[in-house]
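Worksheet for the structure shown next.
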Amino acid sequence: MPHFPMKILLVLQGAWIAPRFDLATEALIMQTDDKGNPTGELREILLPGPSAEELCSLILKEGITHVICGGIEEGHYRYLTWKGLKVMDHIIGTSKEVVRHFLACGELDPETILR
Amino acid sequence: MKHSVPASLNTLSFINALPHGMALLDGDGAVIALNSVLEAISGRRSEAVTGLPLNLVLRTSLPRNDVLKARSHATPISLETDIISAVRKKVPVRLTFSAISGDTQEKCTLCYLEDISAIRKFDQVRGGQITPAGLIGHSPAMQELLEFLPILARTDATVLITGETGTGKDILAQGIHDASKRAGYPFIKVNCGALPENLLESELFGHVRGAFTGAHADKPGMFRLAQGGTLFLTEIGDLPLQLQVKLLTVLDDREFFPVGSSKKVKVDVRVITGTHRDLKSLIRAGQFREDLYFRLNVLKAHLPPLRERKGDVRLLAEHFLQKFAAGLHKKIRGFDRQSMDILARYRYPGNIRELRNIVEYAANICQGDEIAPDHLPEVVRNKDAGQQDAAAVGPGKESAAGTPILAPSAKPAGNTWRETEKNMIMEVLLQCKGNRGEAAERLGWGRSTLWRKMKQHNII
């Protein structure tokens, strides 16, 4: 369980984690305190259009520390991890279950389907 | 919701035995099972993703609705898309959805995944000058046609491809098929001018055993073999009148009677036709049905002759040279300036096929690292001869399709092209002692083309 404040961005498609980072048009941003408890309000962001590059720059601008997504291309994955972010990809599940699981365990296993 | 394999279906062991990615979907489009290949591609275990929508599992760029629509399609349907693989790589794929059903009412859909990266890579060679159709060209005339190609591919309407001989009608037809949703199904080409009427009817529509002398077994015919795919009827202008009526009926009703059968056969086939002849003049001469012309001419694509494709000669010549030099294990860098000027000035009555043969000849003759004028066939070097040939060839007429090697031995001055061609055929037939296969090979034609030309020139 990480002991530092986190700013998490989930890439969404409706109620589910979007299967593709580059095609997503919705995102959810949430913050936690250093004990892993949610703080502040959840922010839902509607992107102007699907673009992996735009999403990457939004992530950096917002100071996100953790990204949760479905499929992401190697180039974008490396870029974000090189910038010091933790990227949890290949995630399948509803955003509600994924958040619950992540806050409880501090990790997400791509093998587990959270529905 | 039930996410299990219907008892009557023994599909799992079948899909696991195949070397391609396969998924079995239930009536709601959710995954029942993935085969081992698809498990490797997606990085998901089959049992873990049971009940999930396919686009979540495969991470495709297709909207879920498209997957659902494709799955519920009555006939098999192919969609091109891309997926993000388990190793975070974007892979272009073609997904083909095919409904299957067992003895029970439970219906399933089989989704077949083909990796088309190699095809896409080839398409990107030369900065997109090689198009998805395999047509090479960046001249305005070709660009116009290539912009039209996606429209031709998206619809199921009949397409009439016109253009002089050797302009690439076959390649365009194949390209339309490959880019269409029927791409996963057969593309079958039938030359309507190559067979006598009774054989052609049986070839197209099939026959039943005993329909005529020699019909020892049922024959499905090309329409049935192309089920789900595309049938390309080339030289449609040579289709006998009686068969034109039958073709018109098939196009309207999508069903026909095989020769000698009283049982109707239904088909789902897209028809593309091609001709180098002017169908309107054939209509005026009473040799082609006007109603069939209107039915075939829903969408029309005209391939411009090479002489009207400014700039494409260099592109095509270099493309063919690369191909032939590699095949001959020669290190030929390209054409010198003079030889390229000669090629650019030549009129190409046989269009791309002729250019291809010229380059093949040059690649064979060249012993150095650059094609020089001496390596080109004499008829090409003699600019005047080239222009004279071209003057005798117009749209709708047959030309010297791909025979530059033999052209010097023909009798040029004073004769029309038709006479020259006839003499050339006779000469080669004499050299080959009447062996048509060998003669066709020497002339650079197919046996059927030689047969058609012999018929045109009343040699047989």
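Letters A, B, ... mirror the listed sequences (proteins, then strands); counts begin at 1.
- With contacts defined as side-chain heavy-atom distances shorter than 4.5 Å, the pair Ile84(B)/Glu73(A) qualifies.
- Atoms CD and CD1, on Glu47(B) and Ile113(A) in that order, are 11.0 Å from each other to the nearest 0.5 Å.
- In this structure, Lys7(A) places its NZ atom where more than 12 heavy-atom neighbours from other residues, nucleotides or ligands lie under 6.0 Å away.
- Contact count versus chain A (heavy atoms, under 4.5 Å) is highest, among Ser42(B), Ala86(B), Ser85(B), for Ala86(B).
- One finds the CZ atom of Arg20(A) at 7.0 Å from the OG1 atom of Thr60(B) (value rounded to the nearest 0.5 Å).
- The neighbour count for Glu144(B) CD, taken as heavy atoms of other residues, nucleotides or ligands under 6.0 Å away, does not exceed 12.
- Listed here is the closest heavy atom pair of Arg44(B) and Ile91(A): NH2-N, 4.1 Å.
- In this structure, chain A has a heavy atom under 4.5 Å from the backbone of Ile83(B), while its side chain stays farther away.
- With contacts defined as side-chain heavy-atom distances shorter than 4.5 Å, the pair Arg88(B)/His76(A) does not qualify.
- The number of heavy atoms from other shown groups lying within 6.0 Å of CD (Gln143(B)) is above 12.
- Looking at Ile92(A), both its backbone and its side chain come within 4.5 Å of chain B, counting heavy atoms on both sides.
- Looking at every heavy atom in both residues, Ile17(A) comes nearest to Leu56(B) through O-CD2, 4.1 Å.
- More than 12 heavy atoms of other shown residues, nucleotides or ligands fall within 6.0 angstrom of atom CD in Glu62(A).
- Between Pro19(A) and Asn55(B), the shortest heavy-atom distance links the atoms CB-O, 3.6 Å.
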